[in-house]
Amino acid sequence: MMKKTLTLLIAVVLMVLSATPALADDGGKGKVELKTKKTAAIVEGDTAWVAISWKAKKADATNFKIVATTNVAGVTITYPDNTDPFSSLMDNDTLSANETDFTSLRISVPYGITKVKLKVIATWTQDGKDRSKDYKVEVPVAKFIGDDVAQVTTDVGTLSASAPDWVEVSWTGIAPVLNDVQMTVSGPTGIVITYPNARAFTSL
């Protein structure tokens, strides 16, 4: 009888000891994972929104917000109007446990660069504690390819030979940014062409 009782006690002790490491490993400690290491590309000279995805592990991350900075000259970063001066999540500021949501940034990039490296600082509350962590996110920059402008007006109508008049020619900008636009016009022999303000060219 004593032998059977001893065996039972040993089995119970082994079962408890084997379960202990699993409980200690879990600990109920939540964390936040960055799911987007590289965003969609932005065309050089353009301004666009990019999305950065996040996932909360084990526990809800509340009051979630991010701010972003970069060392790349000429790049500007702005946030949604309803959260400025930071960005939060799509619906609210809670990143539910084991669910993925995203934050948005509006980024303007100049010409002549190929990528933008962001330092993203996220802050949130999880397991009753306020937390903060720095993350790195890359924004690729694509080269602009194609015509800068497209002509809209192809016919300005009939003009009087005896009464000079101004004519308007419309254009569509295709490139993200066009600065210092200047245009000159040539015509048949005998046609006199002048520009506003006695300049040697016309502009927008």
Legend entry - With Ile77, the side-chain contact (heavy atoms from CB on, under 4.5 Å) member among Leu118, Val116, Val139: Leu118
Legend entry - Short side-chain to backbone donor-acceptor contact, Ser96 and Glu99, under 3.5 Å: no
Legend entry - Donor on one side chain, acceptor on other, Asp60 and Thr94, under 3.5 Å: no
Inset, instruction - Indicate yes or no for a side-chain donor-acceptor contact from Ser108 to the backbone of Thr76 under 3.5 Å, with no hydrogens or angles considered. - result: no
Legend entry - Exam field: side chain Asn98 to backbone Lys57, donor-acceptor pair closer than 3.5 Å: no
Legend entry - Check: Tyr79 ring centre within less than 6.0 Å of Trp49 ring centre: no
Legend entry - Output field: ring centroids Phe102/Trp54 closer than 6.0 Å: no
Inset, instruction - Supply the atom-to-atom distance Arg131 CZ to Phe64 CZ, rounded to the nearest 0.5 angstrom. - result: 12.5 Å
Inset, instruction - Mind listing the closest non-hydrogen atom pair of Thr36 and Val137 along with its distance? - result: O-CG2, 3.7 Å
Inset, instruction - Please answer whether the main-chain N or O of Ala142 pairs with a side-chain N or O of Glu44 as donor and acceptor at a distance below 3.5 Å. - result: no
Inset, instruction - Taking all heavy atoms of Ala40 and all of Pro140, pick out the closest pair and write down the distance. - result: O-CD, 3.9 Å
Inset, instruction - Side-chain contact test, heavy atoms from C-beta onward, threshold under 4.5 Å: evaluate it for Gln126 versus Thr62 and give yes or no. - result: no
Legend entry - Student check: side-chain heavy atoms of Val32 and Leu95 closer than 4.5 Å: yes
Legend entry - Flag for Thr103-Ser87: side-chain donor and acceptor within less than 3.5 Å: no
Legend entry - Non-hydrogen side-chain atoms of Leu105 and Ile66 separated by less than 4.5 Å: yes
Inset, instruction - Just do the side chain to side chain contact (heavy atoms under 4.5 Å, CB included) check on Val72 and Ile113 with the steps written out, would you? - result: CA-CA 9 Å; Val72 181; Ile113 60 173; 3.9 Å; yes
Inset, instruction - Please determine if Glu138 and Lys136 form a salt bridge, counting it only when a charged side-chain N lies under 4.0 Å from a carboxylate O. - result: no
Inset, instruction - Start with the C-alpha distance between Thr123 and Val67, add both sets of side-chain angles, then the distance that settles side chain to side chain contact (heavy atoms under 4.5 Å, CB included), and finish with yes or no. - result: CA-CA 9 Å; Thr123 59; Val67 294; over 6 Å; no
Inset, instruction - Report yes if some heavy atom in the side chain of Ser53 is under 4.5 Å from a heavy atom in the side chain of Asp101; otherwise report no. - result: no
Inset, instruction - State, yes or no, whether a side-chain contact exists between Thr184 and Thr202 at a heavy-atom distance under 4.5 Å. - result: no
Inset, instruction - In sequence, state the C-alpha distance, the side-chain angles, and the governing distance for Val50 and Ile42, and then conclude on side chain to side chain contact (heavy atoms under 4.5 Å, CB included). - result: CA-CA 8 Å; Val50 297; Ile42 300 178; 3.9 Å; yes
Legend entry - Those residues that, when tested against Lys37, pass salt bridge (charged side-chain N to carboxylate O under 4.0 Å, His left out) (two or more places apart): none
Legend entry - Any donor-acceptor N/O pair, Thr100 side chain to Lys55 backbone, under 3.5 Å: no
Inset, instruction - With side chain to side chain donor-acceptor pair (under 3.5 Å) as the test, would you mind laying out the steps for Asp130 and Thr125 before giving the verdict? - result: CA-CA 4 Å; Asp130 293 335; Thr125 302; 2.8 Å; yes
Inset, instruction - Look at the side chain of Asn197 and the backbone N and O of Arg199, then say whether any donor-acceptor pair between them is shorter than 3.5 Å. - result: no
Inset, instruction - Looking only at non-hydrogen atoms, find the nearest pair between Ala59 and Asp127 and report the distance. - result: CB-OD1, 3.5 Å
Legend entry - Asn71, CG: over 12 other non-hydrogen atoms inside 6.0 angstrom: no
Inset, instruction - Could you tell me whether the side chain of Gln151 and the main chain of Thr153 form a donor-acceptor pair under 3.5 Å? - result: yes
Legend entry - Closest approach of Tyr135 to Ala122 (non-hydrogen atoms, all atoms of both residues): CE1-CB, 3.8 Å
Inset, instruction - Taking the side chain as every heavy atom from C-beta outward, state whether Ser203 and Tyr195 have any atom pair closer than 4.5 Å. - result: no
Inset, instruction - Calculate, to the nearest 0.5 Å, the distance between atoms CD1 and NZ belonging to Ile121 and Lys133 respectively. - result: 13.5 Å
Legend entry - Contact check, side chains of Asn63 and Trp124, non-hydrogen atoms, under 4.5 Å: no
Legend entry - Salt-bridge contact Lys119-Asp134 (side-chain N to carboxylate O under 4.0 Å): yes
Inset, instruction - Evaluate the criterion side chain to side chain contact (heavy atoms under 4.5 Å, CB included) for residue pair Val156 and Val169; output intermediate values, then yes/no. - result: CA-CA 7 Å; Val156 296; Val169 180; 4.2 Å; yes
Legend entry - Spacing of Ile191 atom CD1 and Ile193 atom CD1 [to the nearest 0.5 Å]: 7.0 Å
Inset, instruction - Kindly give the heavy-atom pair with the smallest separation between Ala51 and Thr39, and that separation in Å. - result: O-CG2, 4.0 Å
